[in-house]
There are 2 protein chains.
Amino acid sequence: MAEGDALTIHEAAETTGWSPRMLRYVERSGLVVPERSRSGYRLYGPAELQRLRTLRELLERFDVGLSEIGFALRLRRDADLREAVGEWFDAQPHRPEDVAAADWLRWEQEKHQRLLNTQLMETAPR
Amino acid sequence: MAEGDALTIHEAAETTGWSPRMLRYVERSGLVVPERSRSGYRLYGPAELQRLRTLRELLERFDVGLSEIGFALRLRRDADLREAVGEWFDAQPHRPEDVAAADWLRWEQEKHQRLLNTQLMETAPR
DNA sequence: CCAACGTTACCAGAGGTGTGTCAAGGTTCG
DNA sequence: CGAACCTTGACACACCTCTGGTAACGTTGG
């Protein structure tokens with residue numbers, strides 16, 4: 001055990017529901033980056049643990065991926081990008097929202113349906 | 001040619017630099033959704049053409065993908081999601097970003113140093 | 001009528017994401 | 001010292017993104 005109330009990666013994994021593998025992956029995505037001990041061990045403090053738990057909830061609740069939150073982070077940091085994207089959206093003369101939204105929704109539903117189907121195929125091959 | 005000054009998918013492809021295949025893909029992503037003729041043909045008007053050109057520039061300039069702009073669109077439309085993501089980012093007590101980045105860099109350097117040391121130990125034990 | 005175009009629905013292949021596992025080696029601590 | 005951790009790196013696999021095809025079939029216009 002190391003100094004302070006910081007947990008090692010395995011301990012952090014157990015209390016947050018992530019796997020150690022995924023904690024390293026999350027770190028690489030830049031979303032939760034723990035401190036390091038002198039010898040290089042990751043040290044997860046209470047703040048990181050909380051952040052990991054809420055991140056998990058966020059991903060599940062909205063069915064988004066790490067890369068998407070990573071892009072949101074990029075949007076938040078890069079003012080040029082944020083502005084350019086905003087301008088592109090704002091430059092809609094007759095905003096096709098409703099039609100597009102309906103289409104998008106249908107597509108999403110179909111995706112989930114496909115996923116569900118394959119899962120059913122796997123778990124109930126009888 | 002159809003009614004008005006609308007172009008068919010092939011014509012639109014030529015003047016915007018996308019391929020017909022990609023125009024359908026862009027449509028499915030919800031970013032540029034053209035009107036349809038009575039028989040189902042896609043009709044690209046001047047607004048859509050401009051939108052396609054600027055979208056192209058946006059993607060190249062920032063090296064992002066359609067799915068990422070699609071996520072930005074989702075962020076813009078879904079207030080719940082936008083708020084949740086914002087809260088998650090804001091709930092950073094001591095924002096580890098800068099420190100963590102610096103720390104990581106230091107760690108990398110040290111690792112290389114250690115590696116170099118061990119290599120020296122191994123290759124020059126004579 | 002028929003050539004040339006449109007539609008959807010598939011297959012395919014390269015590259016990224018998400019996740020597990022394993023190997024080779026360093027660290028901690030009883 | 002030795003067990004039980006930790007580190008990075010790599011292989012593997014399934015799914016998604018992006019992009020190109022091809023097939024089967026409907027539409028348009030000379």
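Keep in mind that what you see is a predicted model, and the values were worked out from it rather than measured.
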Just call it for A:Arg28: base, sugar-phosphate, or nothing, with non-hydrogen atoms closer than 4.0 Å on any strand.
->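 Here A:Arg28 touches no strand at all.
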
Which comes earlier along DNA chain D counting from the 5' end, the contact point of B:Ser67 or that of B:Ser39, where each point is its nearest nucleotide?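 The 5'-side residue here is B:Ser67.
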
Check: Is the phosphate of D:dC6, meaning OP1 or OP2, less than 4.0 Å from a side-chain N or O of A:Thr8?
Finding: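 So the side-chain polar atoms of A:Thr8 do come within 4.0 Å of the phosphate oxygens OP1 or OP2 of D:dC6, strictly under.
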
Margin query: Mind checking if B:Arg42 touches a base, just sugar-phosphate, or nothing, with heavy atoms under 4.0 Å?
Written below: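 Answer is sugar-phosphate: B:Arg42 comes under 4.0 Å of backbone atoms only.
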
### Message
Measure CD1/A:Ile69 against C1'/C:dG18 and give the value in whole Å, please.
### Response
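To the nearest whole Å, that distance equals 15 Å.
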
inquiry  = In this structure, how many angstroms lie between the P atom of C:dT17 and the CG atom of A:Asp63, rounded?
reply    =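 Result: 17 Å.
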
| Residue met sooner reading DNA chain D from 5', once B:Tyr25 and B:Arg21 are mapped to nucleotides |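 Going by which nucleotide is closer to the 5' end, it is B:Tyr25.
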
Check: Between CG of A:Leu31 and OH of A:Tyr25, what distance do you get to the nearest 0.5 Å?
Finding: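 Answer for the CG-OH pair, A:Leu31 versus A:Tyr25, is 10.5 Å.
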
Query raised in the report: Do B:Leu7 and B:Met22 belong to the same hydrophobic cluster, where Ile, Leu, Val, Met, Phe, Trp and Tyr are linked whenever their side-chain heavy atoms lie under 4.5 Å apart, directly or via other members?
Result: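 Yes: a chain of side-chain contacts under 4.5 Å links B:Leu7 to B:Met22.
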
**Request:** May I ask you to evaluate whether A:Arg36 reaches the phosphate of D:dT8, defined as a side-chain N or O under 4.0 Å from OP1 or OP2?
**Result:**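 Answer yes for this pair, as a side-chain N or O of A:Arg36 is under 4.0 Å from OP1 or OP2.
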
* Asked: Could you state the CD-C1' distance from A:Glu68 to C:dG18, rounded to the nearest angstrom?
  ->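 So the two atoms are 12 Å apart, to the nearest Å.
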
- Considering only D:dT8, D:dG20, C:dG20, which nucleotide approaches the side chain of A:Met22 most closely?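 Shortest atom-to-atom distance from the side chain points to C:dG20.
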
Quick one: A:Glu27 CD to D:dG9 C1', roughly how many Å, whole number?
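The distance from CD of A:Glu27 to C1' of D:dG9 comes to 15 Å, rounded to the nearest Å.
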
Q: Mark yes or no for whether B:Trp88, through its side chain, and A:Leu58, through its backbone, hold a donor-acceptor pair below 3.5 Å.
A: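 No; judged by distance alone, with no hydrogens or angles, the pair does not exist.
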
- In whole angstrom, what separates B:Leu66's CG from C:dG15's P?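 Rounded to the whole Å, the gap is 18 Å.
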
message: With a 4.5 Å cut-off on side-chain heavy-atom distances among I, L, V, M, F, W and Y, is there a chain of contacts connecting A:Leu66 to A:Val64?
response: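 Yes, it is one cluster - the side chains of A:Leu66 and A:Val64 are joined through contacts under 4.5 Å.
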
(Q) Tell me if a side-chain donor or acceptor on A:Arg56 pairs with a main-chain N or O of A:Gly17 at a distance below 3.5 Å. (A)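 Yes; at least one donor-acceptor contact below 3.5 Å.
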
Within this structure, what is the CZ-to-C1' distance between B:Arg38 and C:dT7, rounded to whole angstrom?
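Distance check: B:Arg38 CZ to C:dT7 C1' gives 16 Å.
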
Item to check | Atom pair distance, as rounded to whole Å: OH in A:Tyr41 and C1' in D:dC6 | outcome: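 Atom OH in A:Tyr41 sits about 3 Å away from atom C1' in D:dC6.
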
To the nearest angstrom, how far is A:Ile9 atom CD1 from C:dT27 atom C1'?
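Those two atoms, CD1 and C1', are 15 Å apart.
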
